[in-house]
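To start, the structure itself, in structure tokens.
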Amino acid sequence: MDSCVSSSESITFVPLAHHGAAPMGVTIRCAKLQDIQGLTEVLLQSFHPPRRWSAWFHPLLRLGIYEDLRSRLRASSPHYTCLIALRAPDEEIIGTAEISLRGWFYPQARTGYISNLAVSPAHRRHGVARQLLLKCEQVARDWNCHTLALHVLDNNHSAKSLYDDLGYQTQGTDFQWPTGLFHWPRRLLLEKSLAV
């Protein structure tokens with residue numbers, strides 16, 4: 001079942017104002033191929049913010065993200081959805097989240113996996129990430145998933161607080177050898193039960 005057809009009528013919401021900012025209307029819908037450029041910029045800003053020492057590397061990162069997104073959107077898998085948050089009235093892409101089905105070959109363990117949740121820095125703390133997560137939950141329910149899972153870095157306190165508010169619980173820690181060696185933050189696996 002294509003979640004972009006079944007459950008993905010656009011959702012419009014008005015986030016709360018933050019620090020005196022005026023509320024803005026935001027629409028969430030499934031991404032299309034023509035959205036790749038805006039999606040690439042949101043992901044680049046969120047996961048690879050520009051630094052003076054890495055400026056030369058940004059064109060390569062941008063191209064890699066662009067091609068990776070294009071590949072996934074073109075594949076049009078029935079168990080993959082890329083959501084985008086658009087700011088009204090200019091429909092600027094300000095956030096994204098991807099959801100895919102894990103365990104499709106084990107029907108008793110159907111898990112929706114959320115990745116690449118990102119909101120552009122200028123639009124954070126306005127409820128955009130929360131609305132993207134709630135829409136992912138709706139997609140997962142349409143796929144008859146029993147749980148939703150995602151990873152978060154242990155030092156990302158604001159994201160961990162959001163996930164906690166939405167009912168996600170820590171299930172484990174991914175061990176990667178550079179983490180301990182270089183004192184990098186651990187990756188935590190969080191899950192949320194979708195049982196009614």
Side-chain angles (χ1 to χ4, degrees), residues 1-11 13 26-49 61-87 91-105 109-121 123-124 126-153 156 158-160 162-163 166-168 171 174 187-194:
M1 177 186 318
D2 183 359
S3 63
C4 283
V5 174
S6 65
S7 72
S8 61
E9 57 279 352
S10 293
I11 297 173
F13 69 99
V26 174
T27 301
I28 295 177
R29 67 163 169 81
C30 290
K32 302 173 185 170
L33 281 172
Q34 59 264 32
D35 299 319
I36 294 176
Q37 189 70 40
L39 276 167
T40 299
E41 291 307 313
V42 169
L43 290 169
L44 193 61
Q45 290 173 16
S46 297
F47 297 120
H48 306 286
L61 284 171
R62 181 177 284 111
L63 179 62
I65 292 169
Y66 182 94
E67 290 300 324
D68 195 34
L69 280 167
R70 188 170 74 145
S71 170
R72 287 196 300 275
L73 287 174
R74 278 188 158 171
S76 66
S77 166
H79 295 113
Y80 166 81
T81 297
C82 179
L83 300 171
I84 57 174
L86 301 162
R87 184 185 68 176
E91 297 211 334
E92 173 192 2
I93 297 173
I94 61 170
T96 184
E98 296 176 64
I99 181 169
S100 56
L101 185 62
R102 300 283 168 102
W104 58 269
F105 41 88
R110 291 174 71 93
T111 298
Y113 182 77
I114 299 171
S115 60
N116 290 334
L117 174 62
V119 176
S120 61
H123 298 94
R124 291 179 184 159
H126 291 276
V128 177
R130 177 181 296 272
Q131 294 304 316
L132 283 163
L133 286 166
L134 292 173
K135 183 62 175 170
C136 284
E137 191 171 320
Q138 183 181 349
V139 170
R141 288 182 191 281
D142 285 351
W143 290 345
N144 296 315
C145 290
H146 304 240
T147 57
L148 261 176
L150 54 82
H151 281 93
V152 64
L153 293 178
N156 191 341
S158 59
K160 284 169 47 179
L162 171 62
Y163 301 142
L166 290 174
Y168 288 84
Q171 298 300 312
D174 287 355
R187 262 182 15 137
L188 305 176
L189 174 65
L190 306 183
E191 286 187 0
K192 177 179 182 174
S193 172
L194 298 179

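Values below: every heavy atom of this structure, side chains too, minus hydrogens, waters and symmetry copies.
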Next item on the list: State which residues pass side chain to side chain contact (heavy atoms under 4.5 Å, CB included) with Ser71; sequence neighbours excluded, sorted by chain then number.
Entry: none

Checklist line | Qualifying residues under side chain to side chain contact (heavy atoms under 4.5 Å, CB included), relative to Ala118, sequence neighbours excluded | finding: Val42, Leu43, Ser46, Phe47, Thr96

Which heavy atom in [X] sits nearest to a heavy atom in [Y], and how many Å separate them?
X      : Y      : value
Ile28  : Leu132 : CD1-N, 3.7 Å
Thr81  : Cys30  : CG2-SG, 3.7 Å
Leu101 : Cys145 : CD1-SG, 3.3 Å
Leu39  : Ile93  : N-CD1, 4.0 Å
Ile114 : Tyr168 : CD1-OH, 3.5 Å

Can you name the side chain to side chain donor-acceptor pair (under 3.5 Å) partners of [X], sequence neighbours left out?
X      : answer
Ser120 : His123
Glu191 : none
Arg130 : none
Gln37  : none

What I'd like to find out is whether the side chain of [X] reaches to under 4.5 Å of the side chain of [Y], using heavy atoms alone.
X      : Y      : answer
Lys160 : Leu188 : yes
Leu194 : His146 : no
Glu137 : Arg141 : yes

Notebook entry, point to check: Counting N and O atoms only, with roles assigned by atom type, does the side chain of Arg124 sit under 3.5 Å from a partner on the main chain of Val119, one being a donor and the other an acceptor?
Noted result: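 Present.
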
Next item on the list: Go through the structure and list residues passing ring pair (Phe, Tyr, Trp, His ring centres under 6.0 Å) with Tyr113, not counting sequence neighbours.
Entry: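 With sequence neighbours excluded, Tyr113 shows a ring pair (Phe, Tyr, Trp, His ring centres under 6.0 Å) to His151, given in chain and number order.
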
Note to self: Side chains of Thr147 and Thr111 only: does a donor on one sit below 3.5 Å from an acceptor on the other?
What the structure shows: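 Yes, a side-chain donor-acceptor pair sits under 3.5 Å.
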
Checklist line | Glu98: salt bridge (charged side-chain N to carboxylate O under 4.0 Å, His left out) partners, not counting sequence neighbours | finding: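 With neighbours one apart ignored, the set is Arg72.
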
Next item on the list: With sequence neighbours excluded, tell me which residues meet salt bridge (charged side-chain N to carboxylate O under 4.0 Å, His left out) with Glu91.
Entry: none

Checklist line | Pairs flagged by salt bridge (charged side-chain N to carboxylate O under 4.0 Å, His left out) wherever residues 37-46 is involved - sequence neighbours left out | finding: Glu41-Arg62

